[in-house]
> 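Below is the structure I would like to discuss, written out as structure tokens.
Being a predicted model, the structure only gives us computed values, none of them experimental. Atoms considered below: every heavy atom in the structure, side chains included; atoms not considered: hydrogens, waters and symmetry mates.
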Amino acid sequence: MLFKGAMALAWKDLYTEWKTKQTISTMLIFAGLVVIVFSFAFDPMNTTVKAIIPGLIWVIIVFAGLLGLNRSFTSEGKNDTIHALIVAPLDPSSIYLGKFISNLVMILIVEIISIPFLFILFDFKFHANLLYFILTIFIGTFGFVSAGTFLAALSSNSRSSEMLLPIILFPISTPILIGAVQATKIQLISPDKFASAISWMQLITAYDLIIFVACFILYEYVQEV
Amino acid sequence: MIKIDNLIKRVGDKVILKGVSLNITKGETVGILGPNGAGKSTLLKVIATLLKPTSGEVTIDGLDLKKDPIKIKSKLGYLPHASLLYDHFTPYENLKFFSKVYYLDNVEERIHKLIDDVGLRLFTHEPVKSFSRGMVQRIAIARSIIHDPEILLLDEPHTGLDQQAIGILNNVVAKLQERDVTTLIVTHDFLQAAKVCDRIVIVRNGRIADDFLLEGQDINLLQKRYQSVVEGDSNAI
Ligand SMILES: Nc1ncnc2c1ncn2[C@@H]1O[C@H](COP(=O)(O)OP(=O)(O)OP(=O)(O)O)[C@@H](O)[C@H]1O
Ligand SMILES: [Mg+2]
């Protein structure tokens, strides 16, 4: 039941996005601009410039992600559709889960498009283990979206939600982001230190689980109107 | 069916409902009347599980609102001022989504019948954002009864509807009455209230000021009792 409701909601959000393409296009344009502006600012042919790539990847994920997260609950304010979800016999946790899934899918799409684009523009030769690289990006995104979805619901009750979300999300997602940037950097720049990338990834995974479970359980109290 | 005991709702330091007690039996159609700002919509929101009571008990069908919210929600249909519809979706897509949210199966036929019932068959696949206020309200009505609720909560359902749509709405309510559905209608429309309701509750200033049975669509009785309670009272709000 919990999952069925969540899937219905996630499907609704993604179908909306498919029809309007509003959020995803904003996110993609933002990601594209970041990549292009940085490729102007730094000479992509210069090898030392490669060092900024791990940071750039996470700049894109965080800021493009914020654009999507901000919309995910404020969009339910139109015609008070959030009330329709609250009066429906949906478990609050399945509303959280549904929103989490749709946000995660949207950010993953942006990543799948923008990260290869970044590599191409910076002429980056990818030598790392692809599987571990993808896993790093995924667990980092997972944690960021878990906390982000929860806090987006919290801040959507406020009038200045667009400003509030980054402010409250920053301290909570910092550990994930530090770990993710470190793990990405080690894999892309100094693959010989792979073992420490693994320990960063373990740290992120542990943090992810705690955040996700806490948000999943506590969501009920955020929904209070 | 609905039992409310000394319900108090406070928002900030403002007390909106100041001890409401109400007992509604199954199958009753209750009109809730009262001046603007009396607390009618707030009362409906509390029953609809949108607002948590500050204190007091609400039991629905023997279930406690605090302990069994999910079970209660599946019995409730709620139609507030806002349409609760997704603008870029068509009536069909909206109803399809909400049928999933209410965990209904085999809904195709039901969705098409509902859209027929509210007279929008030709617009089944047009996005709701292109609809007029009255058309939106018709789909909103369909949305609120998609799961065959046992209790229907309507907040000023007649506003914005043309005569035909009022007819449709009253038909919907009449059909539900046959099936013993409990209906609460907040309205300012005495004529419609007298037409469909068999009991009237007048709310004033966060309290129940009057509560009586209405027989034979007696609009005069309704007006007289409303006036005696509300009018000539300078601090009605
Ligand atoms: N979220 C809120 N915060 C503070 N006050 C509120 C809130 N919601 C409602 N009120 C106040 O509660 C009172 C009752 O509001 P309510 O909407 O229940 O009135 P109503 O009887 O439905 O009026 P109307 O006939 O205009 O629809 C009003 O004075 C209103 O200002
Ligand atoms: Mg009202």
> Think Lys4(A) forms a cation-pi with Tyr103(B), using NZ or CZ under 6.0 Å from the six-ring centre and within 45 degrees of its axis?
no

> If the plane angle is over 60° it's perpendicular, under 30° parallel, otherwise tilted; pick one for Phe138(A) and Phe142(A).
tilted

> Check Arg71(A) with Glu17(A), please: is the shortest side-chain N to carboxylate O separation under 4.0 Å?
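Salt bridge: no.
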
> Phe89(B) vs Tyr86(B) aromatic rings, parallel, tilted or perpendicular, using cut-offs 30° and 60°?
tilted

> Is chain A contacted by the side chain of Leu76(B), its backbone, both, or neither, given a heavy-atom distance below 4.5 Å?
neither

> Would you mind checking if Asp162(B) and Arg138(B) are paired as a salt bridge, meaning a charged N to carboxylate O distance below 4.0 Å?
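Yes, Arg138(B) and Asp162(B) are salt-bridged.
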
> Relative to chain B, which segment of Met1(A) carries a heavy atom at a distance below 4.5 Å: side chain, backbone, both, or neither?
both

> At a heavy-atom separation under 4.5 Å, does Thr16(A) approach chain B through its side chain, its backbone, both, or neither?
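Contact with chain B: backbone and side chain both.
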
> Check each atom of Lys12(A) against the heavy atoms of chain B and say whether the ones under 4.5 Å are side chain, backbone, both or neither.
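Both the backbone and the side chain of Lys12(A) come within 4.5 Å of chain B.
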
> Who in residues 117-137 of chain B is close to chain A, using a strict under-4.5 Å heavy-atom cut-off?
none

> Between Phe126(A) and Phe133(A), is the ring centroid distance below 6.0 Å?
yes

> Would you mind checking if Glu150(B) and Arg179(B) are paired as a salt bridge, meaning a charged N to carboxylate O distance below 4.0 Å?
no

> Going by the angle between their ring planes, with limits at 30° and 60°, are Tyr96(A) and Phe100(A) parallel, tilted or perpendicular?
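Judged by the thresholds at 30° and 60°, the geometry between Tyr96(A) and Phe100(A) is parallel.
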
> Count the heavy atoms belonging to other residues, nucleotides or ligands that lie under 6.0 Å from OH of Tyr132(A), then report whether that count exceeds 12.
no

> Contact part of Leu9(A) toward chain B, heavy-atom cut-off under 4.5 Å: side chain, backbone, both or neither?
both

> So what's closer than 4.5 Å to chain A heavy atoms on Tyr102(B): side chain, backbone, both or neither?
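Both backbone and side chain.
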
